[in-house]
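Read the structure below first, then the notes.
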Amino acid sequence: MRTIAALILYAVLAVPITIGLAVSCTPLAPLKAPTNLTEAQATAQGLINEANVLLTACANVIASGVKEGTMPKDQAQKHLDKVREFSAKVDEAQALLRSGNEAAAMDRAQLVRSLILELHRALAAQARKS
Amino acid sequence: MNAAGLAKFLDVVFTAVSVGLEREAIVAKVREMEAQGATPGQITEAIAKMRDEAIAAAQNAIDGA
């Protein structure tokens with residue numbers, strides 16, 4: 001009986017798992033950076049663009065969660081405050097890049113990217129609890 | 001897989017489905033802009049603007065909840 005229940009559970013989860021893995025594992029072509037940039041500058045700009053895309057996605061998920069009533073207001077505000085905090089860091093990375101400090105810009109953008117991924121996990125945990 | 005392990009695994013799935021699909025939608029918009037001839041510099045600006053608009057929209061949703 002337990003085996004049958006496990007099989008049913010896996011069958012039910014198979015579709016979202018397949019979609020989830022497909023979305024998370026499919027490498028996307030990098031967003032284009034201006035062609036007048038050096039390779040290092042273009043890499044840093046690509047990381048900054050990607051970070052901004054991820055932050056936009058987080059903000060959209062928060063807005064949807066609040067509108068659908070699946071995310072409590074206080075939790076949503078907490079997550080959005082993090083999105084704002086990381087956005088400020090991305091803007092700092094952009095400013096560093098514009099001032100010609102591409103190595104520092106890349107370090108900052110990479111750090112922010114890892115922080116954003118942590119935020120994604122927190123949002124997912126919230127979605128599961130709701 | 002125990003309950004905690006399954007919950008953790010589901011977190012990953014939720015992350016990929018919710019945030020991942022949002023990301024895909026944004027990247028699709030960016031690709032459309034590229035196809036319409038926007039320069040990489042314009043796209044960089046547009047992405048930053050989209051981010052700020054999304055933050056403002058999320059704040060409005062929270063304030064209105």
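For the numbers below, each heavy atom of this structure counts, side chains included, while hydrogens, waters and symmetry mates do not. Protein chains get the first letters and strands the later ones, always in sequence-line order, with residue 1 at the start of each. From a predicted model like this one, the values you see are computed outputs, not experimental measurements.
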Q: Indicate, with yes or no, if A/Met106 and A/Leu111 share a hydrophobic cluster defined by side-chain heavy-atom contacts under 4.5 Å among Ile, Leu, Val, Met, Phe, Trp and Tyr.
A: no
Q) Any idea which of B/Arg51, B/Glu22, B/Gln42, B/Gln59 has the most non-hydrogen atom pairs under 4.5 angstrom with chain A? A) B/Arg51
(Q) Can you tell me how far apart CD (B/Glu45) and CG (A/Asn49) are? Round to the nearest 0.5 Å. (A) 9.5 Å
Q. Crowded around A/Arg84 CZ? As in, over 12 foreign heavy atoms under 6.0 Å?
A. yes
Q. In terms of hydrophobic clusters joined by side-chain contacts under 4.5 Å, are A/Ile116 and A/Val83 together?
A. yes
(Q) What's the separation between atom OG1 in B/Thr44 and atom CD1 in A/Ile48, rounded to the nearest 0.5 Å? (A) 8.5 Å
Q) For B/Ile55, is it the side chain, the backbone, both or neither that has a heavy atom under 4.5 Å from a heavy atom of chain A? A) both
Q) Who among A/Leu80, A/Leu54, A/Val66, A/Val90 has the most heavy-atom pairs with chain B under 4.5 Å? A) A/Leu80
Q | B/Ile62 CD1 to A/Lys73 NZ distance, which is reported to the nearest 0.5 Å | A | 8.5 Å
Q) Does A/Phe86 belong to the same Ile/Leu/Val/Met/Phe/Trp/Tyr cluster as A/Val61, with side-chain heavy atoms less than 4.5 Å apart forming each link? A) yes
Q: Compare every heavy atom of B/Met50 with every heavy atom of A/Thr56, then report the nearest pair and how far apart it is.
A: CG2-O, 3.9 Å
Q. Taking all atoms of both residues into account, what is the closest heavy-atom pair of A/Ala63 and B/Ala58, and its distance?
A. CB-CA, 3.8 Å
**Q.** Approximate separation, where rounding is to 0.5 Å, of A/Asp91 CG and B/Asp52 CG
**A.** 7.0 Å
Q) Which atoms of B/Glu53 come close to chain A, meaning under 4.5 Å heavy atom to heavy atom: side chain ones, backbone ones, both, or neither? A) neither
Q) Going only through I, L, V, M, F, W and Y residues with side-chain contacts under 4.5 Å, is there a path from A/Val112 to A/Leu119? A) yes
